[in-house]
Amino acid sequence: MTSPATVTTAAPEWYKSAVFYELSVRTFADGNGDGKGDFPGLTAKLDYLKNLGVDVLWLLPWFPSPLRDDGYDVADYRGIHPDLGTLENFKVFLAEAHGRGLRVIGDLVTNHTSSDHAWFQEARKGPKLPDGSDNPYFDYYVWSDTGSEYGEARIIFVDTETSNWTRDEQSGRFYWHRFFSSQPDLNYDNPKVVEELLSAARFWLDLGLDGFRVDAVPYLIEREGTNCENLPETHDILKKMRRMVDAEYPGRLLLAEANQWPEDVAQYFGTEEDPEFHMCFNFPVMPRLYMSLKKEDTTSIREIMGRLPQIPSFGQWCTFLRNHDELTLEMVTEEERAFMYAAYAPQAEMRMNVGIRRRLTPLLDNDRRRIELLNSVLLALPGSPILYYGDEIGMGDNISLFDRNGVRTPMQWNAGLNGGFSTAAREACFFPPIDDMVYGFERVNVVAAERDPGSLLHWTSRILGLRRQYPTFATGDLHFIDTDNRAVLAFVRQDQNATLLIVSNFAATPQSVTLNLAQFADKTPMTLAGGSNFPAIPQDGGYTLALGRHDYYWLKLD
Ligand SMILES: OC[C@H]1O[C@H](O[C@H]2O[C@H](CO)[C@@H](O)[C@H](O)[C@H]2O)[C@H](O)[C@@H](O)[C@@H]1O
Ligand SMILES: [Ca+2]
């Protein structure tokens, strides 16, 4: 296999203009007919992803794991889960992706390991080994005799866990875990742990991986009297990771998963002089996009975007509508959370932990106008967008499945057996393919979408192409425009190349809006898609537009 080891580009900040696509190898495509997706299966689908118009694939954890948290419980940082194929299969996949100009990032699960990891199994033997020597692995984890420390730290998986401490029978001590009890937290006060994780990262970067989404970064360090989130010592460790990447693998990407308020999440970029992550997910804006739709009031989007601190010049936000977890409601007020539950999770089983375990299309009632609206805003706001696999064809969910698995069902490729995901018997599929009347693979699948010129898939591909023509979407400044209608969100993206005006109607009825465009007086807006001219902006700047329900305009002002 002699395909390129990396994607060559002159732009070191390639991530700023990239569109990301998140997928799970396990549920994307099964290459050997055993009911489990794998790297050969994924490799065979690379042309589909390239044609869709994405630039970077983010792969969920592929490591050996007992799968008590869908792979976020890593048992070996340097391997491939046997269900997914071999290291050789991975290398072929990476070369084939790079050969098509696609980059690939992995998921580095830093905060914890699986309790099955050899380090934890060794650690359980206690601080001293039978021969009286020190057990070097004991200090890889966070132990307590009483399980009473760090009482101010919240429990994250509130539906499952009642404490962040669990007693280990073998050692007779309590170990610390921010997530499931099967995920003991690593002890980042131990420099050896830091080195272990850096060296695990090097293993994959040496193979040509383009970077990592780094999981659950706020929780690395614990300190009494704090909530054990976002601590300075945690930032010191993450900065060390960035220094390693910059020194040894320049051009590779670190993306932080820090589900925090704007002021806290922005800290994960570090500074110009002492950088941390190249990118951070914009968690706070995500639920407000949904909320604005049901409230027909976009004030919360403007407010939260206005709260985002200035970030270093190398930094870029990462925006998303959905991912493999529940639609998290951690970054909203209690009142907003109650609104979101009532609006989007009418059945109790749709709720999970602090969020809603549903996919994009069912959340938006399979309403094409709403799906297009939210996606268009996602693509126009500052940041690099991430699409979640299957959302481009309008896949549904299966809330009867345990935990967050309902949004992790097999990709639907065609109307045949198991939606083309696998040739195995349906019962052998890792998760059952969706086969209900509305979202089942017989109706919702890639082949059907490719045949229909008006499909969501084609629309997605077209709008990605349009966005790509205007680098201003990637790096331009953002200015909100004052309007007389809160249901309509209007903003400008601007740089030396272009001034783009984005107007979006979040209401379910047609709306009229008057924008204050005084600073653009005399300019003639032109639609990006069709090149049609709109009336010129008058001298006083008052510009009235009519928009159909959930309609949007992408206009150019130059
Ligand atoms: O590895 C443990 C978990 O880490 C990520 O979790 C994030 O998801 C949570 C919701 O499921 C969220 O509340 C939390 O703030 C995040 O850190 C990962 O994405 C999960 O899949 C995983 O279980
Ligand atoms: Ca397989």
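Start at 1 and go down the list; that is how both ligands and their atoms are numbered.
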J.: With 3.0 Å as the threshold, which protein atoms of type N, O or S lie near the Ca ion (ligand 2)? Leave waters out.
T.: D30 OD1, N32 OD1, D34 OD1, K36 O, D38 OD2
J.: Are any of the side-chain nitrogens in D325 or R408 under 4.0 Å away from the carboxylate oxygens of its partner?
T.: yes
J.: So which bit of Y219 gets within less than 4.0 Å of ligand 1, heavy atoms only: side chain, backbone, both or neither?
T.: side chain
J.: Does ligand 1 have a heavy atom under 4.0 Å from the side chain of Q260, from its backbone, from both, or from neither?
T.: neither
J.: Measure the distance from atom 23 (O) of ligand 1 to every protein heavy atom, then report the residue, atom name and distance (to 0.1 Å) of the closest one.
T.: D69 OD2, 2.5 Å
J.: With a cut-off of 4.0 Å, which atoms of ligand 1 are near a heavy atom of D215?
T.: 1 (O), 2 (C), 4 (O), 5 (C), 18 (C), 19 (O)
J.: Verify whether the ring centers belonging to F320 and F281 lie closer than 6.0 Å.
T.: yes
J.: Checking contacts here: is it the side chain or the backbone of F180 that comes within 4.0 Å of ligand 1, counting heavy atoms only? Could be both or neither.
T.: neither
J.: Check each heavy atom of I156 against ligand 1 and say whether those closer than 4.0 Å belong to the side chain, the backbone, both or neither.
T.: side chain
J.: Apply side-chain contact (heavy atoms from CB on, under 4.5 Å) to the pair R154 and E229, showing each step before the final yes or no.
T.: CA-CA 9 Å; R154 68 190 165 118; E229 299 186 19; 2.7 Å; yes
J.: Is the backbone of D73 close enough, under 3.5 Å, to the side chain of R68 for a donor and an acceptor to pair up by distance?
T.: no
J.: Can you confirm if the NZ or CZ of K45 lies within 45° of the ring axis of F28 and under 6.0 Å from the centre of its six-membered ring?
T.: no
J.: Assess the pair F269 and W317: is the distance between their ring centroids shorter than 6.0 Å?
T.: yes
J.: At less than 4.0 angstrom from any non-hydrogen atom of R404, what atoms of ligand 1 do you find?
T.: 11 (O), 20 (C), 21 (O), 22 (C), 23 (O)
J.: Quick one: is the NZ or CZ of R213 closer than 6.0 Å to the six-membered ring centre of Y72, and within 45° of its axis?
T.: no
J.: Provide, to 0.1 Å, the distance between atom 16 (C) of ligand 1 and the closest protein heavy atom, together with that atom's residue and name.
T.: E257 OE2, 2.9 Å
J.: Looking at F339, I'd like to know if the NZ or CZ of K295 sits under 6.0 Å from its six-membered ring centre while staying within 45 degrees of the ring's axis.
T.: yes
